[in-house]
2 protein chains.
Amino acid sequence: MKTNINVVAEKAGVSIATVSRAFNEKELVKEETRSRIIKIARDLNYKPSPIARGLSTQTTDTIGVILPDLVGEFFMDIIHGIDEEAYKSNRYVMVSSSHSQRNMVETLIEFMASGRVDGVILMAPQMHKEVDDFLSKSKRPIVLINSCSDLTNVVNFQIDNYQGAMTCVEHLIWHGYKEIAIIKGPAENCDAQERYLGYRDALAKNNLNVNHLFEVIGDFQIKSGYYAFLKLMNQTNKPDAIFISNDMMAIGAYEAAKFLKIKIPEDVAVVGFDDIYLSKLLNPRLTTMHVPISELGAKALNYLLKMISDEVNPKQAYKEVFPTELVIGGSCGCSNFYQSLI
Amino acid sequence: MKTNINVVAEKAGVSIATVSRAFNEKELVKEETRSRIIKIARDLNYKPSPIARGLSTQTTDTIGVILPDLVGEFFMDIIHGIDEEAYKSNRYVMVSSSHSQRNMVETLIEFMASGRVDGVILMAPQMHKEVDDFLSKSKRPIVLINSCSDLTNVVNFQIDNYQGAMTCVEHLIWHGYKEIAIIKGPAENCDAQERYLGYRDALAKNNLNVNHLFEVIGDFQIKSGYYAFLKLMNQTNKPDAIFISNDMMAIGAYEAAKFLKIKIPEDVAVVGFDDIYLSKLLNPRLTTMHVPISELGAKALNYLLKMISDEVNPKQAYKEVFPTELVIGGSCGCSNFYQSLI
DNA sequence: TTGAAAGCGCTAACAT
DNA sequence: ATGTTAGCGCTTTCAA
C-alpha cells in the first residue's frame, strides 16, 4: 500500500488533520504528538505529496523561468543565479526558452494559467505589446529581467545599459579618441537601444559630433561584428575608436581586424559590453563592461518570492537597475591591464 | 467564480466526465458535443488544471534534469537539447544543479518521491555508490547522461570518450610524434578515466612506450592546464605532443606556452577534447574532439519519454554511445585547417 | 489540542 | 456516447 497521510495518521493514532498540522503548522500541535508523528513518518518514508498539497493550496513551490534562448554562458549564468537562490528557499525551477517570439506569450500563459508555477521570471529583450498587455492581467506575479525599461506598471530588474555605454564611451574619450564609432545591436532590442543612447549622450556631453557614417548596425552575433568592422574601417574617414555594443560582435571585429591587418588598439581602439568569458581570451584582452547577470537572476528570484508571499505588493510596479563595471583590457589603449587567466 | 471543469460541464449541459473526455480521449465523445465543449471552454478561457490531473493520474508532464553544475556553455547545451525536444512533446523541464555531491542524492530522491516529475535525466560524472543503489530502487525512470559506463542495469547515454581519446592520440601519432604526454582530468571523474584509457591504448597499439613523467593530472579547469603544461615542458625530457583531456585545460596550456615562449604546434603539438566554443578562438585554433552534447540531451529526453510511456521497458538496461568527431585546428600540426569564425 | 468533513479539479471504472 | 461516482492526497474551516 502506498504510504500517504492516512496510513501515517492511522499508525500514529491521530487524524489526518493532525498529521497535516504536524508538517505545516507545527505550533498548533502538541510537541509530543508532533515528534511521534514525524518519527512514524520517517519510519514509513512518508513525504507529503506536493501535488496534492498544490491542488489544495494552489501553490507549487516552483517558479518558471522563460528566456529568449537557451544558448551560451550568458543565459546559463542567469539560470545559475536563480537556481542557487531557489535551492536556498526550497523552490524548484522550471525553465523554458521562448521558442520563437510568437510562442512566448502562449508559453507564458500556459505557465501561469495552468498553475504549474507560483510565479515567473521572464526575459524579453524585445517586448511585444501583447506581452505587456498580458503582464497586467496576470494573476501570478511576474518579474522581468533584462527587458525594456519603458514598460509601465511592471516589476523589472535590469542592467544599467545606458550608464554602462556612457562609461565605455567616456573611457574612450578620456583616452583622447575623438572619432568614435558604434556597432549597434538590433534596432528592436532594448539593450541595444539603451546602449546606443548612452553612446549618443556621451558624445554630446563631451562636445563630439555625431557622424552617421560611424553608426553601423549589427545583430549581436559574431558575424555581424565582423562585417560592421570591415565597413567602418574601409571608409575614407575611419574612426579612431569603436564602441561595440556587445562582446560577441567584438570577437567578430577582432577577426576582421586580423584580416585587414589593423592593430587593436594602435590603429583603432575598441571596447565591448557584457564581459563574457571569451573576452578574457582575446588578444589584447577586450576592454568591456561587466554585467552582474547571475546576481540579477538571484535578486529577481528573491523579489519574486516576496511577491508570492505578499511580503511586497505584487501589484506595485518596481524597478531595480544594476550598475555595470568597466573591465579594463588592452583594447582601449590602456596598458598594465590584467590579462592573465591564471 | 473560478472556471473549472464543473462550470464548463454545466454551460455545455453535459457531465464533467464528458468534458474530461473531450479534452483527453477525443474519440470517445461525439464530435458535435466535443466541439461544443471545446468552444465553450475557449469562451470561458478554461484550461484543465495540470495539478488536479496530476493528482489523479500521478503524472505531471514534467521531467527533471539534474546536472553537476549550471555554469558554462556545456551544460547549457544539454539543457538546450532537452528543452527543444520537451517543447515538441509538450513537456516541461525542471532543472537543478546537484548543489554539491552530498545533496545530489537528496535532490534526486525529492524529485522522484515527490511526484513532481515523471522521470529524470541525471548527469553524474563521478557516481557515488549511493546513487547507484538508489537508481535501481527508483519507481520513476531515470536516464543517465555522460556518466560512468561501468554502472550495471541503468540507462546510460554517453559520449565515446575512449574512442575519442584514442582517435586524438592516433592523430598525433599519425603526425609522427612519438613522445606524447597527457594532461589527465580528475581521478574520480569517469570521462577523465575513459579518456586516459584511450590514450594508453593508443600508445600501446602503436608500440609507443608509456612514460610516467608524461602523465600529469589536472582538474578540468584552466588553471590546472596551465600548471600541468609548465610541469611537462620544464622537464629535461620534453614531450613533442600533448593530449589534453579537455579544452578548458588546453586554454591554460596555451597561456603557459605563451609564458614559456613555446610555440604550438612547432615546439609541441596539442589536442584537446570537447570542442567548446572557446577553442575556435585560440590561436592556432585548437584541434579537438567534438562531442554532440546537445544531441545527447535531446536523445536522452526522447528515450526517457518512451520509458515513461512504457514504449520501452523502463526496467531494461540500455546504453547508447555517441561517437565524437575530430575537429582539425592548427594545434596538432595540420595546416589548411578551417579557422575562420565568419 | 485534536477531529470530522468539505473541498481542491480532475480521471477512470462502472453503469446506462 | 454519456453520466455517476469514487478516488487522487492533502489543507482548512468548523466543532468539540
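Sequence lines set the chain letters: A, B, ... in the order given, protein chains first and strands last, and positions in each chain run from 1. Just the heavy atoms: all of them, side chains too, but no hydrogens, waters or symmetry mates, feed the values below.
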By the 4.0 Å heavy-atom rule, please label T57(B) as base, sugar-phosphate, or nothing.
sugar-phosphate
Kindly say whether, by distance alone, the side chain of S56(B) makes a donor-acceptor pair under 3.5 Å with the base of dG7(D)?
yes
If you check the S49(A) side chain, which of dA1(D), dC8(C), dC10(D) turns out closest?
dC10(D)
N24(A) side-chain N/O to dT11(D) phosphate OP1/OP2 under 4.0 Å
yes
Distance-only donor-acceptor test, R21(A) side-chain atoms vs dT13(D) base atoms, 3.5 Å
yes
I5(A), nearest nucleotide to its side chain (from dG3(D), dG3(C), dC10(D)):
dC10(D)
Of the listed nucleotides (dT11(C), dG3(C), dC10(D)), which one gets closest to any side-chain atom of T18(A)?
dG3(C)
Using a cut-off of 4.0 Å on non-hydrogen atoms, how would the nucleic acid contact of F23(A) be classed: base, sugar-phosphate, or nothing?
nothing
Sorted by position of nearest nucleotide on DNA chain C, 5' first, the leading residue of I16(A) and L28(A) is L28(A)
Would you classify V19(B) as touching base, sugar-phosphate or nothing, given that sugar-phosphate means primed atoms plus P, OP1 and OP2, and contacts are heavy atoms under 4.0 Å?
nothing
For E10(A), is the CD atom crowded, meaning more than 12 foreign heavy atoms sit under 6.0 Å from it?
no
Nearest-0.5 Å distance, CD1 of residue I37(A) to OG1 of residue T18(A)
6.0 Å
Of all heavy-atom pairs between A86(A) and V93(A), which one has the smallest distance, and what is that distance?
CB-CG2, 3.5 Å
Among all residues two or more places apart in sequence or in another chain, which pass the side chain to side chain contact (heavy atoms under 4.5 Å, CB included) test with I308(B)?
I63(B), D118(B), P141(B), L304(B), L305(B)
